[in-house]
Amino acid sequence: MNLTLKIWRQTGPSAKGAMHTYPVTDISEDMSFLEMLDVLNEQLNARGDEPIAFDSDCREGICGACGLMISGRAHGPEVTTTCQLHMRSFSDGEEITIEPWRADAFPVIKDLVVDRSSFDRIIQAGGFISANTGAAPEAHSVPVPKPAADRSFMAAACIGCGACVAACPNASAMLFMGAKITHLGELPQGQPERDARVVSMVSTHDHEGFGGCTNVGACSDACPKEIPLDVINQLNKDLRHALTHGH
Amino acid sequence: MATNTLPKAGPVTARRTTVFMKLLMALSGALFVFYVLVHMYGNLKIFGGIEPFDEYALHLRTLLTPILPFGGFLWLFRALLVIALVAHAWSAFYLWSRAKGARTTRYVAKEAARVTLRSKTMRWGGVALLAFLVWHLLQFSILKFNVGSGAVNGSEGRLVISSFQVWWVVLIYFIAMVALGMHLWHGVWSASQTLGWAVSPRARARAQATATVVALVVSVGFMLPPLAILFGIVKGN
Ligand code: HEM
Ligand code: SF4
Ligand code: FES
């Protein structure tokens, strides 16, 4: 298939970027979206042009490194990650715009690569449990009800890709945070730090410059791991409880 | 990759978060929802004639009277509404400006980061409601001016009937009630989510259905008296 790509190019963090047009030909429908970009980069390399910078690591949908705004949809038209998106989801002759995630808390490093260390700082602020190392307790000594384990596991599927922020009209990271709050809050091990966790994570989130949530729901629609909107409900509820507990 | 830690601005407390702002918005919004439901019910009394309507207005002033002075309850409730309005508008503009600052470089693709139909008109619709509120209060509460030609003689009911015999007054109210309906369509569901009542997919569907019903009941219920007056069904004699 033949395609016209409009791609954001930006040489560095403070450089001014712009959209550039690249035609690509003879693309197989079985290629992944990133393989299609690899083909384009080989052609650019052969011509002596600077290849397009984009993030990827596992290329199997589990690391969250890849993430592109493809024709206005985070990770493109399917519910999956960009690396697991295949060219058969597009039609021959299509024009595709490719942009980096847009949020001031995710500054562009180069071309399509953004710096998501604001997510790491949110996790550092509270997305953990404290446990003694060395003498690990017997896992079965702390029973977890099946529904709680299931809900926790569902929320733990978040890969931190940032599509929720990219798709949100407020550039809010509540779905990402709500997933972590729900993941740890459903487990007995998550209880001692539960109040402090939500307050500290939300404070860091706000401080990093993400927007506030207005319950639009675009995040959940864009999430490759189908994290449901009710994790944000959980976050709101946990913050309200923390408030009544004097935090 | 090692990450650096930014210094925190000020103390970390729940009261300084965007989620707290949303709580303020939800609680003040919930008070408005209660208020507009009661207000709408009161307006429907015009279908019984001028007397029941004026009597209802009097009842609002005599509520809890042996304990409070005449009109006391009404003034307390008004004070509460004003506080709620300030909290509501303040949190709304705060979140609005934050959202603008959170994405200063926009997407090229028009489809990106768009709001849903349900939540589309919250911000400008909210501003429209604020403008309407000023007009509405001047017309029926503060100045009580009569744009129609009917006799009023100090009767609330006669003022209402005379006013809504004028087509453009009805049009203003019609536009405002569409805005209110849209606001509640997203607002009631959004407040449920903010207050933590939409904890499962089923509860979420229920909250969204409730929002649709409240929005329809309020906007249609408010529009019935003006339309009935305009088309001569309610004449007030
Ligand atoms: C007077 C002018 C008003 C302004 C400027 C205003 C503005 C807003 C804004 C900007 C939002 C946030 C929307 C979002 O989530 O993106 C909001 C939410 C809301 N509004 Fe209003 N509004 C007004 C009046 C009202 C009235 C009269 C009612 C009720 C009858 C109401 C009920 C609500 C509710 C329930 C919410 C949802 C709170 C939440 O998100 O948790 N508002 N308003
Ligand atoms: S919640 Fe979904 S969209 Fe957001 S970071 Fe996690 S996996 Fe990505
Ligand atoms: S490269 Fe790991 S999720 Fe796409």
Side-chain angles (χ1 to χ4, degrees), chain A residues 6 8 17 19 69-74 97 99 102-105 108 117-118 120-121 124-125 165-172 174 195-196 198-200 202-218 228-230 232-243 247, chain B residues 1-23 25-26 91-92 94-96 98-116 118-119 122-123 186 189-201 203-204 207:
Chain A
K6 294 196 154 172
W8 181 262
M19 298 300 283
M69 191 53 100
I70 302 167
S71 294
R73 307 273 299 272
T97 51
E99 298 172 79
R102 290 288 185 208
D104 288 36
V108 172
S117 43
S118 49
D120 298 341
R121 287 188 290 270
Q124 282 171 354
V165 175
C168 175
N170 300 307
S172 178
M174 293 291 167
D195 288 343
V198 66
V199 174
S200 179
V202 176
S203 298
T204 305
H205 164 276
D206 295 349
H207 182 57
E208 292 287 346
F210 292 102
C213 172
T214 56
N215 302 321
V216 170
L229 221 45
D230 54 58
I232 300 181
N233 184 91
Q234 188 69 54
L235 179 148
N236 293 333
K237 199 170 168 179
D238 278 23
L239 188 107
R240 182 158 55 80
H241 286 164
L243 197 66
H247 278 266
Chain B
M1 188 172 90
T3 56
N4 54 326
T5 310
L6 290 184
K8 292 259 159 49
V12 176
T13 102
R15 243 172 249 96
R16 288 189 176 216
T17 59
T18 49
V19 179
F20 182 75
M21 288 306 225
K22 282 205 320 171
L23 266 174
M25 181 148 23
S91 47
Y94 175 81
L95 290 178
W96 191 348
R98 265 201 79 100
K100 274 167 98 183
R103 181 175 290 123
T104 49
T105 310
R106 313 218 139 251
Y107 288 108
V108 172
K110 302 241 169 351
E111 302 77 22
R114 270 217 305 229
V115 296
T116 52
R118 203 179 190 118
S119 60
M122 288 311 274
R123 287 171 178 161
H186 180 72
W189 125 253
S190 180
S192 320
Q193 167 92 347
T194 300
L195 293 168
W197 298 337
V199 82
S200 66
R204 175 166 4 117

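To find a chain, count down the sequence lines: A is the first, B the second, and so on, and within it residues start at 1. These numbers were taken from a predicted model, which means no experiment stands behind them.
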Side-chain donor-acceptor pair under 3.5 Å between B/Thr104 and A/Asp104, yes or no?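 There is such a pair between these side chains.
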
Do B/Thr194 and A/Asn215 have side-chain N/O donor and acceptor atoms under 3.5 Å apart?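 Side chains of B/Thr194 and A/Asn215: pair found under 3.5 Å.
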
Within the side chain of B/Arg114, is there an N or O that forms a donor-acceptor pair under 3.5 Å with the backbone of A/Gly72?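 Such a contact is absent between B/Arg114 side chain and A/Gly72 backbone.
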
Just how far is it from atom [atom1] of [X] to atom [atom2] of [Y], taken to the nearest 0.5 Å?
| X | Y | atom1 | atom2 | answer |
| --- | --- | --- | --- | --- |
| A/Ser71 | B/Glu111 | OG | CD | 7.0 Å |
| A/Ser172 | B/Arg103 | OG | CZ | 10.0 Å |
| B/Thr18 | A/His205 | OG1 | NE2 | 6.0 Å |

Which one, A/Ala196, A/Ala103, A/Cys168, leads in non-hydrogen pairs under 4.5 Å with chain B?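 It is A/Cys168.
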
Please tell me if the side chains of [X] and [Y] come closer than 4.5 Å, counting only heavy atoms from C-beta onward.
| X | Y | value |
| --- | --- | --- |
| A/Asp230 | B/Pro201 | yes |
| A/Asp206 | B/Arg98 | yes |
| A/Leu243 | B/Leu23 | yes |
| B/Met122 | A/Thr214 | no |

Below 4.5 Å from any heavy atom of chain A, which atoms of B/Arg204 appear? Answer side chain, backbone, both or neither.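 For B/Arg204, side-chain heavy atoms alone lie under 4.5 Å from chain A.
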
Under 4.5 Å from a heavy atom of chain A, the part of B/Tyr94 involved: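 Neither part; nothing is under 4.5 Å.
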
Could you walk me through whether A/Lys6 and B/Val108 pass the side chain to side chain contact (heavy atoms under 4.5 Å, CB included) check? CA-CA 10 Å; A/Lys6 294 196 154 172; B/Val108 172; over 6 Å; no

